[in-house]
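Working notes for the structure below.
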Amino acid sequence: MFTRRTFLRSVGSATAIASLASLRAGGIERILAASRSAGDASPDKIAADEDFWREIQQAFTVDRSLINLNNGGVSPSPRVVQDAMRRYLEFSNQAPTITMWQVLEPEVEGVRRRLAAAFGCDSEEMAITRNASESLEICIFGLDLKAGDEVLTTNQDYPRMLTSWRQRERRDGIKIKTISFPVPPPSMDDLYDRFERAITPKTKVILVCHITNLTGQIFPIKRICQMGRERGIEVIVDGAHAFAHFPFKHADLDCDYYGTSLHKWLLAPHGTGFLYVRKSKIGKQDNDIRKFEEIGTHPAANHNAISEALTFHEGIGSERKAARLRFLKDRWARRLEAIKGVRILTPYDPQQSCGLANFSVEGIDHGKLGAHLWERYRIICTPIAHEEFKGIRITPNVYTTLTDIDTFCDAVEKAIRSGLAA
C-alpha cells in the first residue's frame, strides 16, 4: 500500500524535497517589513500610518482599475494564499488518490489546530467547512426539535439562515419568531432586552448574529448565550462576518455553536469556513467533530491554504487590522454624514461595529445609486433593501487605499449634488 513516505521515495529525493518545499514557499516579507517598522506603536496610530498599509496593499493581486467595497461578500486572498493553493492543486493532480488523499488531506489536522488556537477552543471542537451557511445549516437541520417548539432570531439575519428555518417550519411544524431592532440601536442593552422579552416557555433555540451582514451591528453575544444556557435554550451564533474582522476569542462569547466564513475577513481561499461545537454538544452517533466534514471528495488545497491566510492575518495583528478597518469606515462615514439627507445606519462605538457599515440617502433609489457607482466609476458596493430600511453597505479591507475611499466619497457627493444622471 502506498503511503506518503513510499510515494516520496518513488518520485525521487530531489523531486520530493522540491515538492514539499514548494508547499511552504511564498513568504510574507511585506508584512514582516511593515511589522518591524511599526515597532511598539499603538493600533490606532498604525491605523493612520500609510507607509505600514502600503506594504500590506502590495501583497494583493487585485485589479486597481476597480474599487472593491464589497469585501464583506467575499474578499480577494493575498498572493501568498493564492500561490499556496495553486501549488497544492498542482501537487494534488500528480496522482490524486495518493497526493491529495494520503499526502495533503491529513495536513488538515494542522489547519484544525491553528484555527482552534486562533478561536480559542479545543481542536476537537473545530470542524472545517466550506462557509458559514454550511456550518449553520448543520446546526439548523441537526437540532432535535418537535412541532410547537419556537426558534427566536432577528429579521436581519442572513436570508439563507431564515429560509433554512422556514424549511424546518414547514417540515416539522416548529415556529419561527423574529424580532426587529432599529438601525442603529440605542445600545447593546437594548439588543439584549429585545431577545429577553421575546422568550417564551416554548423557546428552544436562539439564532443570533455576532455582527449583522446588513449594517455591521455587533451583538452582546456572551450575555445572550449565558441567558439561553440558564433557561435551557440552545444558542447558535452566526459569525459569518466576525472571525478575523475584529479580535475576540471563544471565552469572550461562551457559545455552544459558532459558524463563520473564512473567505471574507481572514482572506482565506474562497469556499472555506468553520463550525465550532462545544465538546459536550457533539455527542449522538459519532462523538467526533470530523463527522461534520463528511462531504465526499473535495479539494485539499482549499482548506490547507487556510494556514497561509492565518499567517498573513497574524502577521498584521488582529488589533491593528481592526483599528485600520474602523479608520477606513470612519473616514467615509464621517465625511458623508455631513451631507444633508445622509444617515449612517451603523454605530461608531467600537464595541458595536468595525469595518462593515451602511448609509442611506434620503430621496435616492439606493439600487440605482449602486448601479451608478459601478457604471460611472467602477466602484463595487452593496445596495441593501430590507423591509424596514434601505441603504448602501460598504466593506473595505486591508488592501483598500485612502484614494479608494476618497474617490468613493467624491462619487457619492457628486451623485447627491447633481443627480444620478450627471
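Residue indices begin at 1 and follow the sequence shown.
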For Arg378, which residues count as a side-chain contact (heavy atoms from CB on, under 4.5 Å) partner, sequence neighbours excluded?
Leu66, Trp374

Is it the case that atom OH in Tyr158 sees more than 12 heavy atoms from other parts of the structure closer than 6.0 Å?
no

Thr163 and Arg166 side chains, donor-acceptor separation under 3.5 Å:
no

Residue set satisfying ring-ring contact (aromatic ring centres under 6.0 Å, His included) with Phe219, at least two apart, ordered chain then number -> Phe181

Thr178 and Asn155: which non-hydrogen atoms are nearest, and at how many Å?
CB-N, 3.9 Å

Does either side chain, that of Tyr88 or that of Glu308, offer a donor lying less than 3.5 Å from an acceptor on the other one?
no

Taking ring-ring contact (aromatic ring centres under 6.0 Å, His included) as the test, write out the residues that go with Phe327, two or more places apart.
none

Heavy-atom distance under 4.5 Å between the side chains of Arg112 and Ile306, does that happen here?
no

If the condition is ring-ring contact (aromatic ring centres under 6.0 Å, His included), which residues does His210 pass it with, not counting sequence neighbours?
Phe246, Phe248, Tyr258

Does the plane of the ring in Trp332 sit parallel, tilted or perpendicular to the ring in Phe408? Use 30° and 60° as the thresholds.
perpendicular

Heavy atoms, side chains only, cut-off 4.5 Å: are Arg417 and Ile339 in contact?
no

Verify the distance criterion only: is there a donor paired with an acceptor across the side chains of Ser42 and Asp44 at less than 3.5 Å?
no

Sequence neighbours excluded - side chain to side chain donor-acceptor pair (under 3.5 Å) pairs with any residue from residues 397-406
Asn68-Tyr399, Asn71-Tyr399, Ser75-Asn397, Arg331-Asp406, Thr401-Asp404

Within a strict 4.5 Å, meaning less than it, do heavy atoms of the Ile128 and Glu293 side chains meet?
yes

Enclosure of Glu387 CD (heavy-atom neighbours >12, cutoff 6.0 Å):
yes

I'd like to check the salt bridge (charged side-chain N to carboxylate O under 4.0 Å, His left out) partners of Glu234; sequence neighbours left out, ordered by chain and number.
Lys281

Which pairs count as salt bridge (Lys or Arg N to Asp or Glu O under 4.0 Å) when at least one residue sits in residues 179-189, sequence neighbours excluded?
Asp189-Arg223

Just wondering, do Asp238 and Thr153 contact through their side chains at under 4.5 Å, heavy atoms?
no

Sequence neighbours left out, what pairs pass salt bridge (Lys or Arg N to Asp or Glu O under 4.0 Å) with at least one residue falling in residues 200-209?
none

Count the heavy atoms belonging to other residues, nucleotides or ligands that lie under 6.0 Å from NZ of Lys368, then report whether that count exceeds 12.
no

Checking Arg324 now: which residues fulfil salt bridge (charged side-chain N to carboxylate O under 4.0 Å, His left out) with it, not counting sequence neighbours?
Glu50

State which residues pass side-chain contact (heavy atoms from CB on, under 4.5 Å) with Pro247; sequence neighbours excluded, sorted by chain then number.
Ser318, Glu319, Ala322

Does Tyr257 have any ring-ring contact (aromatic ring centres under 6.0 Å, His included) partners at least two apart in sequence or in another chain, and if so, which?
none

Taking atom NZ as the centre, does Lys177 end up with more than 12 heavy-atom neighbours from other residues, nucleotides or ligands that are less than 6.0 angstrom away?
yes

Do Ile295 and Glu134 have side-chain heavy atoms sitting under 4.5 Å apart?
yes

Qualifying residues under salt bridge (charged side-chain N to carboxylate O under 4.0 Å, His left out), relative to Asp149, sequence neighbours excluded:
Lys146

Can you tell me if NZ on Lys45 sees more than 12 non-hydrogen neighbours from other groups inside 6.0 Å?
no

If we ignore angles and hydrogens, is there a donor and acceptor under 3.5 Å between the side chains of His303 and Glu107?
no

